[in-house]
Amino acid sequence: MTDSFQAPRGTLDWLPPRSGARRAMIGAFAARAERAGFREAQTPVFEEQGLFARTAGASSEVVGKEMYVFTDQGDRELALRPEFTAGIVRAYLEHGLSREAQPVRLWSAGSCYRYAAVQRGRYREFTQVNAEAIGSDDPAVDAELIALQVGWFRELGLEGLAVRLNTIGDRADREPYLALLRAFLDKHLGDVADDVRRQRDLNPLRAFDTKDPASQAVMAQAPVIADHVGAEAAAHFDRVREFLDARGIAYVLDPTLVRGLDYYSRTTWEVAWPELGAQSGIGGGGRYDGLAELIGGPPTPGVGFACGVERVLLALAAQERLPGVAPRCDAFFMVLADAARPTLHALMEAARDRGLACEADLAGRAAKGQIKQADRVGAARTVVCGDDEWARRVCLVRDMTSGEQIEVALDDLVGHLADLAGGAQA
RNA sequence: GUGGGCGUAGCUCAGCUGGUGGUAGCUCCGGGUUGUGGUCCCGGCGGUCGUGGGUUCGAGUCCCACCGCUCACCCCA
């Protein structure tokens, strides 16, 4: 043990340039979602623990082991959100959004928390971008959500994505199928790994997720839910696919695709970037028509998805496609006369008021160091003021591209810089 | 939570079977150019060798524990 500190295990410090990439990614998502009619929703980072416990389902690891729970000074049982959906649906019900035009479309971006083993691409505090459309069971909504998610990835320049799609039917279809699946598992208990046997009672659907080859071989013979969905859910799914096909969105049907949270119904999907290894899932979503009822609301259909910003960022970095925030510096103030610094810094501030990006040396650098810094920040122009210029109340404005410099009176400097920048932008 | 690998300067890394921490590269600052920039040359700043114990005359090097990173299981974003 030392007397110094480290960031808690599983947390990330967002520093430049990655902080800029993160902001650009979220900004692109927000803009795209807004174009599709989504508006921003920010719900609390913590909620009553019961909200998540009720919605995620008992079999879910997210609730069983991974939730950050705590009791506050008022003895309230709270939990840091492990995902967005429950909080968004809670807010929809609490604020009577069912009276607005449906579906209500909301996007969010922010931190979620899960106490899981830390690995590359899996953190305890992580960032999700999220979108939900609540209040319509139109299959076009499912397709809108998938299109928003895939469109965002495409806009970021991410290549090599794999979209898997499935339907898990309605709740009413589920029980008869699960009985069938349990019966199948019971017949093969001997040929199957321990974890699969455990899933038999917990959540038999997850048995398909096993990585044990022998178990996989067995599960390949198992009955599949897609073959046991009711007529309505099947028709809904066909229609979703029509909407996707018309958009040219490529996907693979995966009848074993089951998502980790129990509240899903009908359409489910996942997007993976396979090169990421064990944490290849960069986004996933599904329809959750029964969720609102679970938390005391009226029957309300809904669809949503989430994407892991850190994982998308890893994928983009691997493809050297990290979005950057365009660095900009219209003028770097190189002040070599110490007496002139307060005045020149005031002029710099006035230029900022006019909308220009300006910087000056703030570390006592020598002349060479200052112009090097100007070059480093990509300054379009450098304003030079030494003893000689200061005595005459002028400065030199140097064009950093051409190297040409002209003398400008200090009184005219801000207007001059504004004109130059305005002309350059036009 | 369970196994494997790793941990030397801000970053990337040398350091052979234990024998005094590298003029190493990059970055940063200064000088060459007494006030003009991505190159070049010179110089400088910068290290409790992850932390704590142990073995030893002597530990960056060997042993143990802890912390952190990483890969897999698991889970999922």
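Every chain is numbered from 1 and lettered A, B, ... according to where its sequence line falls, protein lines coming before strand lines.
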Whole-Å distance, A/Leu15 CG to B/rC11 P, equals 12 Å

Rounded interatomic separation in angstrom, taking CZ from A/Arg9 and P from B/rC69
5 Å

Counting side-chain heavy atoms from C-beta on, which of B/rG68, B/rA77, B/rC71 comes nearest to A/Gln128?
B/rA77

Side chain of A/Arg114: nearest nucleotide among B/rG30, B/rG68, B/rA77?
B/rA77

With no hydrogens and no angle check, is any side-chain donor or acceptor of A/Asp361 less than 3.5 Å from a backbone partner on A/Gly364?
yes

Can you tell me the distance, in whole Å, between the CZ atom of A/Arg124 and the C1' atom of B/rG1?
10 Å

Using atom P in both nucleotides, what's the gap between B/rG47 and B/rA24 to the nearest angstrom?
15 Å

Do the side chain of A/Thr55 and the main chain of A/Leu51 share a donor and acceptor less than 3.5 angstrom apart?
yes

Look at all strands and tell whether A/Arg376 reaches a base, only sugar-phosphate, or nothing, counting heavy atoms closer than 4.0 Å.
sugar-phosphate

Does the side chain of A/Arg365 get closer than 4.0 angstrom to OP1 or OP2 of B/rC29 through an N or O atom?
yes

All N/O contacts under 3.5 Å from nucleotides 2-5 of chain B to the protein, with atom names and distances to one decimal?
none

Smallest heavy-atom separation, A/Ala143 atom then A/Arg247 atom, equals CB-NH1, 4.0 Å

What interatomic distance, in whole Å, is found between C1' of B/rG1 and the corresponding atom of B/rC74?
9 Å

Ignoring hydrogens and angles, state whether a donor on the side chain of A/Glu77 or A/Thr71 is under 3.5 Å from an acceptor on the partner side chain.
yes

Check: A/Val118 main-chain N/O paired with A/Arg9 side-chain donor or acceptor under 3.5 Å:
no

By nearest-heavy-atom nucleotide on RNA chain B, the more 5' of A/Gly10 and A/Glu310 is A/Gly10

Write down the distance separating the P atoms in B/rA59 and B/rG21, rounded off to the nearest Å.
10 Å

State whether the side chain of A/Gln42 and the backbone N or O of A/Ala109 hold a donor-acceptor pair below 3.5 Å, judged by distance alone.
yes

Taking B/rG52 as the reference, what is the distance to B/rG5 when you measure between their C1' atoms (whole Å, please)?
23 Å

CD/A/Glu48: more than 12 non-hydrogen atoms of other groups inside 6.0 Å:
no

Whole-angstrom distance between B/rC49 and B/rU20, as gauged at atom C1'
14 Å

Both A/Gly283 and A/Thr11 contact RNA chain B. Which one's nearest nucleotide lies toward the 5' end?
A/Thr11

With both pairing distances under 3.5 angstrom for Watson-Crick or G-U wobble, and | for a partner in another strand, the correct string for RNA chain B is (((((((..((((.....[..).))).(((((.......))))).....(((((..]....))))))))))))....

Write down the distance separating the P atoms in B/rC28 and B/rG22, rounded off to the nearest Å.
26 Å

Across nucleotides 35-40 of chain B, 5' to 3', mark each nucleotide with B, S or - according to how protein heavy atoms within less than 4.0 Å reach it.
BBBS--

Main-chain N/O of A/Thr167 paired with A/Trp269 side-chain donor or acceptor, under 3.5 Å:
no

Any donor-acceptor pair under 3.5 Å between the side chain of A/Arg122 and the base of B/rC74?
yes

Under a plain distance cut-off of 3.5 Å, with no hydrogens placed, do A/Trp107 and A/Glu34 share a side-chain donor-acceptor pair?
yes

Provide, to the nearest angstrom, the distance between the CZ atom belonging to A/Phe52 and the C1' atom belonging to B/rA77.
15 Å

In this structure, how many angstroms lie between the C1' atom of B/rG1 and the CD atom of A/Glu66, rounded?
12 Å

Give A/Arg311 one of three labels, base, sugar-phosphate or nothing, depending on what nucleic acid heavy atoms sit under 4.0 Å from its own.
base

Whole-Å P distance, B/rC6 and B/rC62:
10 Å

Please state the C1' separation for the pair B/rC42 and B/rU33 - nearest whole angstrom.
13 Å

Got a sec, which residues hit side chain to side chain donor-acceptor pair (under 3.5 Å) with A/Arg124, two or more places apart in sequence or on another chain?
none

Against the side chain of A/Gln119, the closest entry in B/rG30, B/rU70, B/rC73 is B/rC73

Test your reading of the model: is there a side-chain donor-acceptor pair from A/Ser265 to the backbone of A/Asp289, 3.5 Å cut-off?
yes

Minimum heavy-atom separation for A/Pro82 to A/Phe126, with atom names?
O-CZ, 3.9 Å

Under 4.0 Å, heavy atoms only, any strand: does A/Gln279 hit a base, just the sugar-phosphate, or nothing?
base

In whole Å, what is the span from the CG atom of A/Asp13 to the C1' atom of B/rG68?
13 Å

Applied to residues 130-157 of chain A, the ring pair (Phe, Tyr, Trp, His ring centres under 6.0 Å) test, sequence neighbours excluded, yields A/Phe29-A/Trp152

Expressed as a whole number of angstroms, how long is the span from A/Leu158:CG to B/rA77:C1'?
14 Å

Spacing of A/Leu12 atom CG relative to B/rC69 atom C1', expressed in whole Å:
12 Å

Starting at CG of A/Leu362, measure out to NE2 of A/His345 and round the result to the nearest 0.5 Å.
6.0 Å

Considering only nitrogen or oxygen atoms on both sides, find all protein atoms under 3.5 Å from nucleotides 6-9 of chain B and state each distance.
none

Is there a donor-acceptor pair under 3.5 Å between the side chain of A/Ser108 and the backbone N or O of A/Ala41?
yes

Determine whether the side chains of A/Glu132 and A/Tyr288 contain a donor N or O and an acceptor N or O closer than 3.5 Å.
yes

